[in-house]
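Structure first, commentary second.
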Amino acid sequence: MEPVDLGKIRNIGISAHIDSGKTTLSERILFYTGRIHAIHEVRGKDGVGAKMDSMDLEREKGITIQSAATYCVWGDYNINLIDTPGHVDFTVEVERALRVLDGAVLVLCSVSGVQSQSITVDRQMRRYSVPRLAFINKMDRAGANAEKVVQQLREKLGHNAVMVTMPIGRESDFAGVIDLVVMKALYYDGEAGEVIRKEDIPAELMAEAKKNRDRLVEACSDFDDKIAEKFLGGEEVSAEELMPVIRRATLALKLTPVFVGSAYKNKGVQTLLDGVISFLPSPLETKIEALDQDNNEAKVELKSDPKQPLVMLAFKLEDGKYGQLTYMRIYEGTVNKGDTIINMTTGKKLKVPRLVRMHSSEMNEIDSAKAGDIVALFGVDCASGDTFTDGKRNLTMTSMFVPNPVIELAVAPKEKTGQVHFSKALNRFTKEDPTFQVYRDEESGETIIKGMGELHLEIYIERIKREYNCEVTVGKPKVAFREALTEKAEFNYTHKKQTGGSGQFGRVAGYFEPMALDSERGYEFIDEVVGGVIPREYIPACDKGFKEQFATGQLIGQPVVNARVVLNDGSYHAVDSSEMAFKTAAMTAVREFYSKAKPVVLEPIMKVEISAPDEFQGVVIGQINQRRGVIMGTDNDNNYVVVTSEVPLSEMFGYSTDLRSATQGKGEFSMEFAKYSQIPKLIQEEMVKEYQKKRAEGNA
């Protein structure tokens, strides 16, 4: 591939709620840009599956599990494209893709509109300040209503959403789109919609088209005085005047241009591609910050300049047949095959053995890549989120947000002989996916895997079987409960031990108190010791002791969250005090005084969105109430009801089967983690009793 001007590169992601048609849209983009020569459907009868779903599991289940990267050319522009999963269980895939992308396309279903995962994806886009376009897909489906979806974008997501194209017809009559910027009707002819025919707008749609264009001009008038003057004066605003203003407002995250179409019916995709080029940023227009390790982590702005020293970020790892494949976004400088690069996290130097551009699961060898590119490297030992440089600058990129796992499963290999493969698989998956965690339960001796949901863990168990030929036995799913303090409690503990020779002595005093539940911090230590009653060198040992003890609560043995420890007094002995003595004093202080802080058990609460035909509304609400759920709202649309609720995760196991049987298979639901909340008193008492009994049996 010839070197391309940086202003002509677009790094974009396609994100949406599950089943909105992201992968189908990606498939059409690859076809129209000439990257593939035949279209295959996600659940196609030919058994080939979409290009971007390269895993067998993705093709079988018809869902995207891993984000897939590819590149293509539209006109003389290079597009690096990442198709991300829509299922909330694989949310970290969206998170890491958005961390390295410059722009995004938010795909929405014309019937379902803004759904629960659309809200999550939008929140992720905001977190990384990613400008986006919206694409209202599936305009050919019964119940398609683009105006309703634009309204939801405004109301539910708070977007300044405005149509740039509008549909010609809808449902089975959907024939093409009207481009509101140039005021022309576009039809997509040929076997796969590859021939674009421009016509005048049909007379019966002219009034509606004018009304929508006025809305577009009015929205742009907020960002440009010249357009505002013309709009107020009733003068015509040309396409040449509108385009740069739409672009500027989109890049400033003040406007969301909306495109309509049907990827499945091959309509509107090329126009969306034109929009990507026209309205989404190049690497030159994206603000990128790094932390200067030589200057107390001060923020440094990077320039997307190939001549600057090299800075790149490993954002995704995959284990292939040739070893670890590391996806990198190059922010600054140039990397060549054979160059020496340094992992800023570990300080290790390594040579770049192979450099490739990814086209889903295919690799295209390249000799060099520069700022703005997304490439993959082989033989690079690193973790997701590591920064690499050429050693000229001591910089690291800011890390991405990683949500905490909410569900646990005990797993073990069926055969003793499978232990090696089993360990290999778990090591690889924890490295690849920060939301997939593994630990050993010391009491039961079991290996516990933690993840974002049942499907998340189910996929990994299936991958262990297929990719490592290792059958796995699986325990019952367990919820990741937490413990929290509810009251302030003072502590004062002296640790004294006299053995032969020097003894141990350390006294710690202060108080525990709860922090706000939404603070997202597990533990905070505040040192208020004055007058040297505890020597400075022993303070970190106290902190360590408190922290270690709070990792296992006294009620049900789960981590304690949002606990603050204030250490304000103590005493030491000139001979008998040591780091060990103070660490032990801190740990025992937590054990002795924990109950005084009135601890409670917290459980993860999920936001659950259920959609089913109207006639099942009563049944759906009844089921939610039975599961200790709280109904947050209901919405009736097109003979379908959408119920939004908050339900404890522990009550959601087996729900899909119950919902299907109660709604004749017509009900669907999606859920995502919302918050931690206090468990009812009776359930807590039972859990504490059970935990104490288990401990007693373990000690017997």
Do [X] and [Y] sit within salt-bridge range, that is, some charged N less than 4.0 Å from a carboxylate O?
| X | Y | result |
| --- | --- | --- |
| R132 | D122 | yes |
| K138 | E171 | no |
| K8 | D76 | yes |
| E199 | R197 | yes |
| K184 | D179 | no |

Contact check, side chains of [X] and [Y], non-hydrogen atoms, under 4.5 Å:
| X | Y | value |
| --- | --- | --- |
| L133 | L272 | yes |
| L180 | V164 | no |
| V107 | S15 | no |
| T250 | R247 | no |
| C220 | I246 | yes |
| E332 | S304 | no |
| L186 | I178 | no |
| R213 | M183 | yes |

Side-chain donor-acceptor pair present, [X], [Y], cut-off under 3.5 Å:
| X | Y | answer |
| --- | --- | --- |
| R428 | Y468 | yes |
| E147 | Q151 | no |
| R10 | N80 | no |
| Y188 | T271 | yes |

Between E289 and K287, is the salt bridge (Lys or Arg N to Asp or Glu O under 4.0 Å) condition met? List the steps. CA-CA 7 Å; E289 286 182 334; K287 192 181 173 191; 3.8 Å; yes
Minimal non-hydrogen separation, [X] against [Y], with atom names:
| X | Y | value |
| --- | --- | --- |
| A376 | L325 | CB-CD1, 3.6 Å |
| D373 | I9 | OD1-CD1, 3.8 Å |
| I14 | S26 | CD1-OG, 3.7 Å |
| A134 | L108 | CB-CD1, 4.4 Å |
| G7 | Y77 | O-CE2, 3.9 Å |
| V111 | K148 | O-NZ, 2.7 Å |

Sequence-distant partners of T165, side-chain hydrogen bond (donor to acceptor under 3.5 Å, both in side chains), two or more places apart: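 With sequence neighbours excluded, T165 shows a side-chain hydrogen bond (donor to acceptor under 3.5 Å, both in side chains) to no residue whatsoever.
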Can you name the residues that form a side-chain contact (heavy atoms from CB on, under 4.5 Å) with T345, not counting sequence neighbours?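 Once residues adjacent in sequence are excluded, the partners of T345 under the side-chain contact (heavy atoms from CB on, under 4.5 Å) criterion are N343, D386.
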Just by distance, do the side chain of S262 and the backbone of M139 share a donor-acceptor pair under 3.5 Å?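 Pair absent, no side-chain N/O of S262 close to backbone of M139.
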Tell me, yes or no, whether the heavy-atom count around E301 atom CD, taken from other residues, nucleotides or ligands under 6.0 Å, exceeds 12.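 Enclosed: over 12 neighbouring heavy atoms sit under 6.0 Å from CD of E301.
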Is the number of heavy atoms from other residues, nucleotides or ligands within 6.0 Å of NZ (K156) greater than 12?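 Counting neighbours around NZ of K156, more than 12 heavy atoms of other residues, nucleotides or ligands fall under 6.0 Å, so yes.
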Please step through side chain to side chain contact (heavy atoms under 4.5 Å, CB included) for the pair R170 and N145, ending with a clear verdict. CA-CA 8 Å; R170 62 179 63 175; N145 186 340; 4.0 Å; yes
Kindly indicate, with the supporting measurements, whether the criterion salt bridge (Lys or Arg N to Asp or Glu O under 4.0 Å) is fulfilled by R28 and E194. CA-CA 10 Å; R28 298 313 186 268; E194 67 274 26; over 6 Å; no
Quick check with a 6.0 Å cut-off and a 45 degree axis cone: is R329 positioned over the face of F315's six-membered ring?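 Here R329 fails the 6.0 Å and 45° test against F315.
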Looking at Y71, does the NZ or CZ of R357 lie under 6.0 angstrom from its six-membered ring centre and within 45 degrees of the ring axis?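 R357 over Y71 ring: yes.
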Answer with yes or no after comparing the ring centroid distance for F259 and F135 against a 6.0 Å cut-off, counting only values under it.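 For F259 and F135, the ring centres are not under 6.0 Å apart.
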Take T24 and E27, measure what side-chain hydrogen bond (donor to acceptor under 3.5 Å, both in side chains) needs, and give me the verdict at the end. CA-CA 5 Å; T24 306; E27 191 79 358; over 6 Å; no
Please walk me through it: do D224 and R248 pass salt bridge (Lys or Arg N to Asp or Glu O under 4.0 Å)? CA-CA 10 Å; D224 189 273; R248 200 167 65 235; 3.5 Å; yes
Identified side chain to side chain contact (heavy atoms under 4.5 Å, CB included) partner of V260 from the options V150, N137, V177: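 It is V177; the other options fail the test.
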Could you tell me how the ring of F436 sits relative to the ring of F429: parallel (under 30°), tilted (30 to 60°) or perpendicular (over 60°)?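 Judged by the thresholds at 30° and 60°, the geometry between F436 and F429 is perpendicular.
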